[in-house]
Number of protein chains: 2
Amino acid sequence: MQNIQDYITKNKERFINELIELLKMPSVSADSAYNQDVLNTADAVKESLEKAGCDFVELCETPGYPIVYGEKIIDPKLPTVLVYGHYDVQPADPINLWDSPPFEPVIKTTKNHPQGAIFARGACDDKGQMYMHVKALEYMTSTGNLPCNVKFMIEGEEEVGSESLSWFVPRNIEKLANDVILISDTGMIANDIPSITTGLRGLSYVEVEVTGPNRDLHSGLYGGAVANPINILTKMIASLHDENNHITIPGFYDKVEDLSLEERAEMAKAPFSLEKYQDALDIQSVYGEKGYTTNERNAIRPTLDVNGIWGGYTGEGAKTVIASKAYAKISMRLVPNQDWKEITNLFKNHFESIAPSAVSVKVTPHHGGQGYVTPIDNVGYQAASKAYEATFGKTPIPQRSGGSIPIVALFEEHLKSKIILMGFGLDSDAIHSPNEHFGVFNYLKGIETIPLFYKHFTELKTQ
Amino acid sequence: MQNIQDYITKNKERFINELIELLKMPSVSADSAYNQDVLNTADAVKESLEKAGCDFVELCETPGYPIVYGEKIIDPKLPTVLVYGHYDVQPADPINLWDSPPFEPVIKTTKNHPQGAIFARGACDDKGQMYMHVKALEYMTSTGNLPCNVKFMIEGEEEVGSESLSWFVPRNIEKLANDVILISDTGMIANDIPSITTGLRGLSYVEVEVTGPNRDLHSGLYGGAVANPINILTKMIASLHDENNHITIPGFYDKVEDLSLEERAEMAKAPFSLEKYQDALDIQSVYGEKGYTTNERNAIRPTLDVNGIWGGYTGEGAKTVIASKAYAKISMRLVPNQDWKEITNLFKNHFESIAPSAVSVKVTPHHGGQGYVTPIDNVGYQAASKAYEATFGKTPIPQRSGGSIPIVALFEEHLKSKIILMGFGLDSDAIHSPNEHFGVFNYLKGIETIPLFYKHFTELKTQ
């Protein structure tokens, strides 16, 4: 497909500049202060789909942020690809750790991106990866290379649990009817080691609040005599892992799928250097569940991490206070077969049960989602594999990811089609972290690879 | 001394209004943003001492905030009382828990203060209690009732460890020479149960930082495989107490004075209702070291409390991040014979030793001070006891306090005199907490009692 390479060469600057404009919009869905920015971003995505050749584009109202829907139906008898992505981004804090402002994109080279990478919140997750699909569509419609029907469904609440999309999908089954769902919101092993994500972990995200005395107390007058909510919270959280780093919540592992030794041996073939991994993170050693390797720990095993903790005096200097309340945000990554609602309940019941009577505890579930596994023998996976082979010159490696896209299991449930996760980001792209970036090579390689997926998928499907 | 009661009745409104003006000044020593306010407060205290009748007042420069020094020497052959207090205050946050702004004083009645209390940061700790001494001096000088010499030493760093005062005192031993040191920076049992504090706990205050990976990470991609600094911090802090709530730091209890059963039985005679204590704090049960009562736990036993903890995402909504760093502020209250510097070292060594190799740990000592015990058979204590007897109609109860005034042990070391802790606050006055207040009854009762201390002390000393 020489055509697409020429097209990219000719339009490269514009593709990058258009993405940069999109990245300037601070569409932080978790923080209501950015409400108008999120809405403006939806408008911008809508406009980009219109320009890229969709016949019909609309903002679908939901209880939360709108879903941008677009379509180009060329022949109802041909297969339909549904593209999913999101236009919202993670909060940018801690802002002070960014080398350049999170919403003022700049291009810099890095060790993994010698051709340059665009630095901005959302560059990789997911504006950059979502926009690859818009530009691939532009190429296919403007050059007469679109081989099938296409639908877009771009949401604005992925980073806060996709609640509105969960509401929208079951109400729009006919509108969203498709033969395969295509998502670029994951990563690949390296720029010279293409891979396709075949598994995602589920997620349960909760917030906990421990209350002791009804007001902050002087730690001299009350210290030692009254339960200190922060001390208690640390004790409660610490008790959630045992000495082997197994999670202690009763029933937590009951439905966890045990991979066979053969499957684990197969996984272990993926290229991995523990030394490089530790060097990249500046750590002396890894840390995790006994009996599993690093790649198993972050892919096929469930986890429990504190994502935030706060309480008492956190300003400059010293304050001798016993806080009335202490808080933590805790998330559990789940593996296929673990039901996130069931796990959330197990957590809540257990956490409440271990609180001493001297404090009270509130557990508030935030959001969650099921894990997912894509079988590699289906047509969608095969079409994707062929597309990567053509553009990277190598067969991509099927790989389980530790991340979660909670909505994916819901897609399969309601829309009855398989989900193909063609991710072009790298683990080192710092998504959810300061200095998030997305390689220019990856961005353009995505735009080049996506049309080939359409081609192979249509061919395999209509054989 | 009918005179003083008349004088108070006549000047009551002015006494309250002058204190209110002082409380409007946000002299937060822990936060450099208030630097100018702290300095302005020193000026205001200097002026108030001049007006109250001191012959000589000056701001003594130090490496930090100035010390307000004032004196009225009526006869070098008469005894000298040195009054110590502080003009700085604790930070006011969490601001949102205040019912009225912390630096806009208002008078409201409470259950314990039916005659009204002044609500403001510093009302009780220590501006209100310090200012009682200024007004008592005014009464004595203006009515010819000052029976001895008096010196004032009012500092601006008590809430952050009195570092400058520790520098100042050994350099000014002659200037500060005295026969007794009088301090009102503690409390009493109740408005109808006067008490005098005879013991203070020492303090060691440290900040800890746990560092894992060199940047914030996506909890999906890395969760379970890398040490999460917050999880590790909770485990490390939790391990500092065993199942009986004994502190596990090796050597921590080595020098702790064990009180005899007789002494403990004597302490247990102080009026105390566990039910009322729990009700006042809205707690179902107390919590502390096994084998000790509530009043023992917060007076004669050392403690370890987390005063603040933070790390990761603490904003609205959810962020699935593994933080690079987690922090806590931890203070230990110490009992007499425990050396705060030694304890700080024990903590540092132990905390560093329990860190897993997957993280690095930094322990930064903030400040500290030794504990103190006043013998009740000395002249100063007896003079104070007689003063309370006259104004409250009851012999005050000697009581150990759980709080710390780290500088007190240093006073005795350098100035070789006893320290008398005439505190007029109540435990319920919420010092260091939102809605700090000081009873109008207590403020005026302090002004009434202090001149009697001078009278009895001079009489006992010159007998």
Side-chain angles (χ1 to χ4, degrees), chain A residues 30-31 90-91 160 205 213-216 218-228 230-231 234-235 237-238 281-288 294 297-298 301 303 305-322 331 333 357-358 366 402-404 427 431-433, chain B residues 30-31 90-91 160 205 213-216 218-228 230-231 234-235 237-238 281-288 294 297-298 301 303 305-322 331 333 357-358 366 402-404 427 431-433:
Chain A
D31 188 342
Q90 280 276 315
V160 291
Y205 200 112
N214 53 8
R215 58 185 167 90
D216 286 4
H218 185 290
S219 74
L221 302 183
Y222 292 91
V226 167
N228 176 328
I230 305 178
N231 286 55
T234 64
K235 251 191 158 42
I237 290 173
L281 300 174
D282 245 340
I283 52 177
Q284 292 301 308
S285 56
V286 292
Y287 187 90
T294 291
R297 286 168 176 170
N298 68 19
R301 297 297 295 172
T303 64
D305 272 299
V306 184
N307 302 111
I309 193 165
W310 68 106
Y313 183 67
T314 60
E316 199 189 332
K319 188 173 181 218
T320 46
V321 69
I322 294 178
S331 69
R333 297 282 169 172
S357 65
H366 262 307
S404 306
D427 277 5
I431 68 170
H432 291 211
S433 303
Chain B
D31 188 342
Q90 280 276 316
V160 291
Y205 200 112
N214 54 8
R215 59 185 167 90
D216 286 5
H218 184 290
S219 73
L221 301 183
Y222 291 92
V226 167
N228 176 328
I230 305 179
N231 286 57
T234 64
K235 252 193 158 43
I237 291 173
L281 299 175
D282 246 341
I283 52 178
Q284 294 299 307
S285 57
V286 292
Y287 187 91
T294 291
R297 286 168 176 171
N298 67 20
R301 297 296 295 172
T303 64
D305 272 300
V306 184
N307 300 112
I309 193 167
W310 69 104
Y313 183 66
T314 60
E316 199 188 332
K319 188 172 181 221
T320 47
V321 70
I322 294 178
S331 69
R333 296 282 169 173
S357 64
H366 261 308
S404 306
D427 276 5
I431 67 169
H432 291 210
S433 303

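Labels below follow one simple rule: chain letters A, B, ... track the order of the sequence lines, proteins then strands, and each chain is numbered from 1. A quick note: this is a predicted structure, and the numbers were derived from the prediction, not measured.
Contact detail for A:Ser219 and B:Arg333: the closest heavy-atom pair is OG-NH2, 2.9 Å.
Only the side chain of B:Ile283 comes within contact range of chain A, with at least one heavy atom under 4.5 Å from a heavy atom of that chain. No part of A:Arg301 comes within reach of chain B, as not one of its non-hydrogen atoms sits under 4.5 angstrom from that chain. Only the side chain of B:His366 comes within contact range of chain A, judged by heavy atoms closer than 4.5 Å. Proximity to chain A is limited to the side chain of B:Arg215, based on heavy atoms less than 4.5 angstrom apart.
Interface summary for chain A: among B:Leu221, B:Asp31, B:Thr294, B:Val286, the most heavy-atom pairs under 4.5 angstrom belong to B:Leu221. The most heavy-atom pairs under 4.5 Å with chain B, out of A:Thr303, A:Val226, A:Asp305, A:Ile322, come from A:Asp305. If you tally non-hydrogen atom pairs under 4.5 Å between each of B:Val160, B:Asn231, B:Ile237 and chain A, the highest count goes to B:Asn231. Chain A forms the most heavy-atom pairs under 4.5 Å with one residue out of B:Leu281, B:Asn298, B:Asp216, B:Asp427, and that residue is B:Leu281. For the set A:Gly403, A:Gly288, A:Ala225, the entry with the most heavy-atom pairs within less than 4.5 Å of chain B is A:Ala225.
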Under 3.5 Å, sequence neighbours excluded: what are the donor-acceptor pairs made by side chains of residues 306-315 of chain B?
unit_1	atom_1	unit_2	atom_2	d
B:Asn307	OD1	B:Ser331	N	3.2
B:Asn307	OD1	B:Ser331	OG	2.7
B:Asn307	ND2	A:Val321	O	2.7
B:Tyr313	OH	B:Glu316	O	2.6

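To the nearest 0.5 Å, the span separating OH on B:Tyr205 from NZ on A:Lys319 amounts to 9.0 Å. A:Asn214 contributes atom CG, which lies 4.5 Å from atom CG of B:Asp282 (distance to the nearest 0.5 angstrom).
Between the side chain of A:His218 and the main chain of B:Ile431, no donor-acceptor pair closer than 3.5 Å is present.
Shown here are the side-chain contact (heavy atoms from CB on, under 4.5 Å) partners of A:Ser357, two or more places apart in sequence or in another chain: B:Ser285.
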